[in-house]
Amino acid sequence: MRLDQQLQALAAQAFQSCFDAALPASDFSIQKTRKEFAGDRTLVCFPLARHSRMKPDATAEALGQAMVEADGPVLGYNVVKGFLNLELDPVLWRDWLLQEAAHADYGRRPAGSAPHVMVEYSSPNTNKPLHLGHLRNNFLGHSVSRILEAQGHTVTKVQIINDRGIHICKSMVAWRKFGEGETPESSGLKGDKLVGKYYVAFDQAYKAEVQGLIDGGMDKAAAEKQAPILLEAQETLRLWEDGDAATVDLWKTMNGWVYAGFDTTYATMGVEFDKLYYESDTYLIGKDRVMEGVERGAFEQREDGSVWVDLSEDGLDEKLLLRQDGTAVYMTQDIGTALLRFQDVPDLDRQVYTVGNEQEYHFKVLFLVLGKLGFEQAQRCHHLSYGMVELPEGKMKSREGTVVDADDLMDEMFRIARDIAAEAGKLEGLSDAEQQEVFQRVGLSALKYYLLKVDPKKNMMFDPKASIDFYGNTGPFILFNYVRGRSVLRKAEAEGLALPTDGIATPGADEMDMVGLLHDLPDVVAEAAETYNPALIANWCYDLTKAYSSYYQDHSILGADDEAARNLRIVLTERFTRTLNLGMSLLGIALPERM
RNA sequence: GGCUCCGUAGUUCAAUGGAUAGAAUGAGGGUUUCCGGUACCCUAGAUACAGGUUCGAUUCCUGUCGGAGCUACCA
């Protein structure tokens, strides 16, 4: 049982004996005692005064006495206003460090002990390279997957690839017109960059044509609809839908280039997927299910043939599910994909969609519709909504060339990591490949930590200067302390000091910051999973690291005065590095041994 | 217009309804006979505004002001 639950139970017993009133253990609010007061845990007694019929401080006084007399973990107490500060037996902490905290899987719940969850993230269009916004998306989705796994969920990581539609046809048309057979091999460009280039080329040609038409006397709206290159793209889409062989071939080729490019980027980012869904496979399957919904009376078909769902009871409007010509809209497709996934994974408990907050309305509707189609899992489905990443000069706009490219940004981080490492000179003896691995881990930690430490639902500022900072509340700061701790442990081993399993000093005031944080980990993971919020893990990693760094400064680990103290410090260092490693791995951040 | 989210030091971010609102950065000052100084310590600096609920409100409710997003037979 967790310590705080023990104390709640103890408090409930004490309350019963003092005031002859039974209250549920959960009514006793236990929190860490603030540093400026004496004690380890604090019981807030204001809410209890009602039941004890005594003033808060008198209630606290009586409870404190009873809890000490219970002869359990509580050794002493003091009362400040209505706060009962409890002093716990430090031996508890010592034993905890040697037992629970020593388990290799401390902080994790057993695999398979929680339901199967599907997490969707990334899901880019196939006409443009990945950018900064995708990084936040991928890091979030990947991290949440890991957090859910640590909570015992089976997790299937997926993405839906938007591989069809007018956008990809635009790139195809431009490539046919201007490409002269250019390929990733012939150009040396990554596939996604090459296709992106033709998407831009299309846009330029289109604008020129529109301007030409306007100059020729056509009004703007008509020109925008009749520009020949646009008509050609639309015709290409029609041919694609008809299964025209040449069109489909080119579509496959160009999408293949994009996928190869994306795969490289994902590998650099350190994210991966268990299963891919392609819009071209799923975009038609929602239609049948919508028509089934009509038969069940969940949806309404109008005289013109269009199908609608009425969500006014849920505070929303009516929403179109099928056009009057019977074709699918975006929502139809998402319904189909969702149902396909429930079919693919029969024990699936819920789906988590990592998608920007501009689509909150869409997902509200989607979940309601799934519910109307009889999927009770719908109420547990979750839109992992996140805010926009803004730049100091404002929003990213591809038109204005202010998009931050994911590959370029990561390369820049790696380069800076290399420069700083060269100065520090700690990587001698490592091969070039090993060094490169270190630069990548350090650079990536800066980026991931920077994007994940902010509450996902908030818009955030991406300041390029601050993001590459290696000092302060940053990934590299955390890595540095990990590496330093590991270095101490290696040295201990080299000196023949095995990791102690017994005979450690009882932790005192100097150690309690760190011990308390180590003890918090399971609660932090649980809350992060419940709220789908990796920022909680990031903040915990930072707090723990700061506590260790400060401790390290004032205490020589291996040079402690006596053996018991040294053993405690070695154990603390080991628990620090191992739990930090878990915390960071939940953020998708891999730690180096040196940097 | 309606709906959703956000508003905390100069800046970027924290704070299950709990005690004197924490960090980082920037500014100023200090620390090294040390296991990795990419470190540590000290100083100054903030809850947009007005009500309400509560023993207690950054947190919950209402309103005002400010910012973002959604409100397509686009995806």
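Chain letters run A, B, ... following the sequence lines, proteins first and then strands; every chain starts at 1.
For E36(A), the CD atom counts as densely surrounded, since its 6.0 Å shell holds more than 12 non-hydrogen atoms of other residues, nucleotides or ligands.
Cation-pi geometry between R415(A) and F439(A) is not satisfied (NZ or CZ under 6.0 Å from the ring centre, within 45° of the ring normal).
Contacts of S549(A) with the nucleic acid, taken as non-hydrogen atoms under 4.0 Å apart, involve only primed sugar atoms and P, OP1 or OP2. Looking at heavy-atom distances under 4.0 Å, R594(A) makes contact with a base. Counting non-hydrogen atoms under 4.0 angstrom, S556(A) reaches a base of the nucleic acid. Within 4.0 Å of P56(A), counting heavy atoms only, lies no atom of the nucleic acid at all. The residue D463(A) sits apart from the nucleic acid: no heavy atom pair falls under 4.0 Å. Residue contacts for K457(A): at a heavy-atom cut-off of 4.0 Å it reaches the sugar-phosphate backbone alone, with no base atom in range. Among the heavy atoms of the strands lying under 4.0 Å from E360(A) are primed sugar atoms or P, OP1, OP2 only; no base atom is included. Residue contacts shown for M388(A) are limited to sugar-phosphate atoms, with no base heavy atom under 4.0 Å away. The residue T474(A) sits apart from the nucleic acid: no heavy atom pair falls under 4.0 Å. H555(A) comes within 4.0 angstrom of a nucleotide base, judged by non-hydrogen atoms across all strands. Counting non-hydrogen atoms under 4.0 angstrom, N85(A) reaches a base of the nucleic acid. Counting non-hydrogen atoms under 4.0 angstrom, V44(A) reaches a base of the nucleic acid. Heavy atoms of Y471(A) sit under 4.0 angstrom from primed sugar atoms or phosphate atoms, though from no base atom. Residue E423(A) is classed as having no contact, given no heavy-atom separation below 4.0 Å to the nucleic acid.
The aromatic ring of F46(A) sits over the base of G18(B), with ring centres less than 5.5 Å apart and planes inclined by under 30°. Taking the 5.5 Å centre cut-off and the 30° plane limit, the aromatic side chain of F83(A) is not classed as stacked on G18(B).
The gap from the P atom of A21(B) to that of A57(B) amounts to 13 Å, rounded to the nearest Å. The separation of G37(B) from U33(B), taken at their P atoms, amounts to 13 Å, rounded to a whole angstrom. When the C1' atom is compared between A15(B) and A23(B), the two are found 11 Å apart, to the nearest whole Å. The same atom, C1', is picked in A27(B) and in U11(B); the two are 13 Å apart, to the nearest Å. One P atom belongs to G7(B), the other to A44(B), and the distance between them is 27 Å to the nearest Å. Distance noted for atom C1' between U59(B) and U53(B): 13 Å (whole Å). Remark: the separation of the P atoms in C40(B) and G69(B) is 38 Å, to the nearest Å. Nucleotides A72(B) and C3(B) are separated by 16 Å at their P atoms, to the nearest Å.
Ring-centre distance between F139(A) and Y121(A): not below the 6.0 Å cut-off. You'll find the ring centres of Y353(A) and F363(A) inside the 6.0 Å limit. Checked against the 6.0 Å centroid threshold, Y532(A) and H382(A) count as a close aromatic pair.
Among G22(B), C73(B), U38(B), the nucleotide with an atom closest to any side-chain atom of A424(A) is U38(B). With A23(B), U38(B), C73(B) as the candidates, the nucleotide lying closest to the side chain of V329(A) is C73(B). In the set A15(B), A19(B), G37(B), A15(B) carries the atom at the smallest distance from any side-chain atom of L536(A). Side chain of N473(A), nearest nucleotide from U38(B), A24(B), A75(B): A24(B). Distances were taken from every side-chain heavy atom of F477(A) (C-beta onward) to each of G69(B), C40(B), A19(B); the shortest belongs to C40(B). Between U20(B), G7(B), U4(B), one nucleotide has an atom nearer to the side chain of K458(A) than all others, and that is G7(B). Comparing U12(B), C35(B), G36(B) by their nearest atom to the side chain of M461(A) picks out U12(B). With distances taken from any side-chain atom of E358(A) to the nucleotides C35(B), G69(B), A19(B), the minimum falls on G69(B).
At a cut-off of 3.5 angstrom, counting only N and O atoms as typed in the model, there is a donor on one side and an acceptor on the other between the side-chain of S29(A) and the base of U16(B). Not a single donor-acceptor contact under 3.5 angstrom links the side-chain atoms of D455(A) to the base of C13(B). Residue-to-nucleotide contacts include no donor-acceptor pair under 3.5 Å from the side chain of D317(A) to the base of A72(B).
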Q: Give the intermediate values and the outcome of side chain to side chain donor-acceptor pair (under 3.5 Å) for residues S280(A) and D163(A).
A: CA-CA 6 Å; S280(A) 54; D163(A) 61 345; 2.6 Å; yes

Please report, to 0.1 Å, the donor-acceptor pairs under 3.5 Å made by any side chain of residues 454-462 of chain A, with sequence neighbours excluded.
from: D455(A); atom 1: OD1; to: K457(A); atom 2: N; distance (Å): 3.2
from: N459(A); atom 1: OD1; to: M388(A); atom 2: N; distance (Å): 2.9
from: N459(A); atom 1: ND2; to: E390(A); atom 2: OE2; distance (Å): 3.3

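Of the two residues near RNA chain B, F37(A) and V454(A), the one whose nearest nucleotide lies more 5' is V454(A). The residue among R323(A) and P476(A) whose nearest nucleotide of RNA chain B lies closer to the 5′ end is P476(A).
Consecutive Watson-Crick or G-U pairing (both distances under 3.5 Å) extending over three or more pairs maps onto RNA chain B as B:1-7 with B:65-71, B:10-13 with B:22-25, B:27-31 with B:39-43, B:48-52 with B:60-64.
Taking side-chain N and O atoms only, T42(A) has no distance below 4.0 Å to OP1 or OP2 of A19(B).
Taking each heavy atom of Q159(A) and P124(A) in turn, the nearest pair found is OE1-CD, 3.3 Å.
The residues E493(A) and R490(A) are annotated as not salt-bridged, no charged nitrogen and carboxylate oxygen being separated by less than 4.0 angstrom. The residues E241(A) and R164(A) are annotated as salt-bridged, a charged nitrogen and a carboxylate oxygen being separated by less than 4.0 angstrom.
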